[in-house]
Amino acid sequence: MNKPRLVVIGSLNMDIVVETERYPQVGETLLGERVRFIPGGKGANQAVAGARLGAETALIGAVGEDAFGEQLLGSLLEDGVDITGVKRVAGMATGIASIYVAEGDNSIVVVPGANYRVEPADIDRHEDKLRQADIVLLQLEIPVETVVYAARKAKSLGKTVVLNPAPAQTLPEELFGLVDYFTPNRTELGRYTGMNAEGESLQEAMLRMKEMGAAHIVTTLGSEGSAYLSEDGALRLKPGYKVPVVDTTGAGDCYNAGLARSIAAGSTLDEAIDFASLVSALAVTKFGAQAGMPTEEEALRFAAEQKTTGV
Ligand code: RIB
């Protein structure tokens, strides 16, 4: 059987991850416990997860001509991601994400650097990759103009578009109509619809999002799982897995890659969400964004364990 084929268009960052006992207050200096440099960036994370989960995966993006860029490309190659669509930009720094991990959660500041040099011309240059893909997977850590252009091109080529609309940005209305699967978290859903998406209001917000044009809405709900709307607009809640949480960084990226890989392989949305929930649960059991992405074998083993233990 042919492998599912993904093209991911998005960011590459070096994650500078500082572990501290608690978050610093404004104006306070804290002594942290440990710092690690771990490959990240929503685009690269989704590409690595896709490749580890058995999809033929290509990434279109940009890094600087610096040591971080070199390291990020090297680790993508080790994971078998096609990086011929990642350009090196002279005079620009590779994107970095400054991440604090404390109190069982994280907070992130991204400095995009070269990621903001991913242009519509890059999409044209790598049109062959879009043509060969089953799914085009997008996020919002590159210029919105490029995301819209890529989605337009993907649709004109008859491709399925998955947009993980993170981090939340002001988006042109046109973009929603170009998206087959729109995958916000609850906070992003609230931001895009201008509605309360908490508790009972979730369904209403998702229905509003659908009216805005995206064909399918899948909302991730952290440890509560995720939700989607069936054809008749009914809310379907899919519970998450109970796992020991080590680090949630990149869990959303793993979810999106799992969803895209599964849809590309011909699964229904319901099945694809099951797979996405399973692999993103595994991702939080390890430290680091790309470091924590599971392989297809690990996912299958975990699925089998869940069936046996009925957890
Ligand atoms: O989604 C997690 C990612 O967000 C991190 O790897 C970091 O680079 C930021 O882009």
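Counting starts at 1 for both ligands and their atoms, following the listed order. Sequence positions, counted from 1, serve as the residue numbers for this chain.
The side chain to side chain donor-acceptor pair (under 3.5 Å) test with Asp134 is passed by exactly one of Lys3, Arg5, Arg261: Arg5.
Residue Glu28 qualifies as enclosed at atom CD: its count of foreign heavy atoms under 6.0 Å is above 12.
For the atom pair CD1 of Ile99 and CG of Asn106, the computed distance is 6.5 Å after rounding to the nearest 0.5 Å.
Note: Tyr181 and His216 have parallel aromatic rings, judged against thresholds of 30 and 60 degrees for the angle between ring planes.
For a heavy-atom separation below 4.0 Å, the residues in contact with ligand 1 are Asn13, Asp15, Gly40, Gly41, Lys42, Asn45, Ala97, Val110, Glu141, Gly250, Asp253, Ala289.
Contacts of Phe302 classified as ring-ring contact (aromatic ring centres under 6.0 Å, His included), with partners at least two apart in sequence or in another chain: Tyr241.
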Side chain to side chain donor-acceptor pair (under 3.5 Å) between Glu141 and Asn115, worked out: CA-CA 7 Å; Glu141 284 186 338; Asn115 292 308; 5.8 Å; no
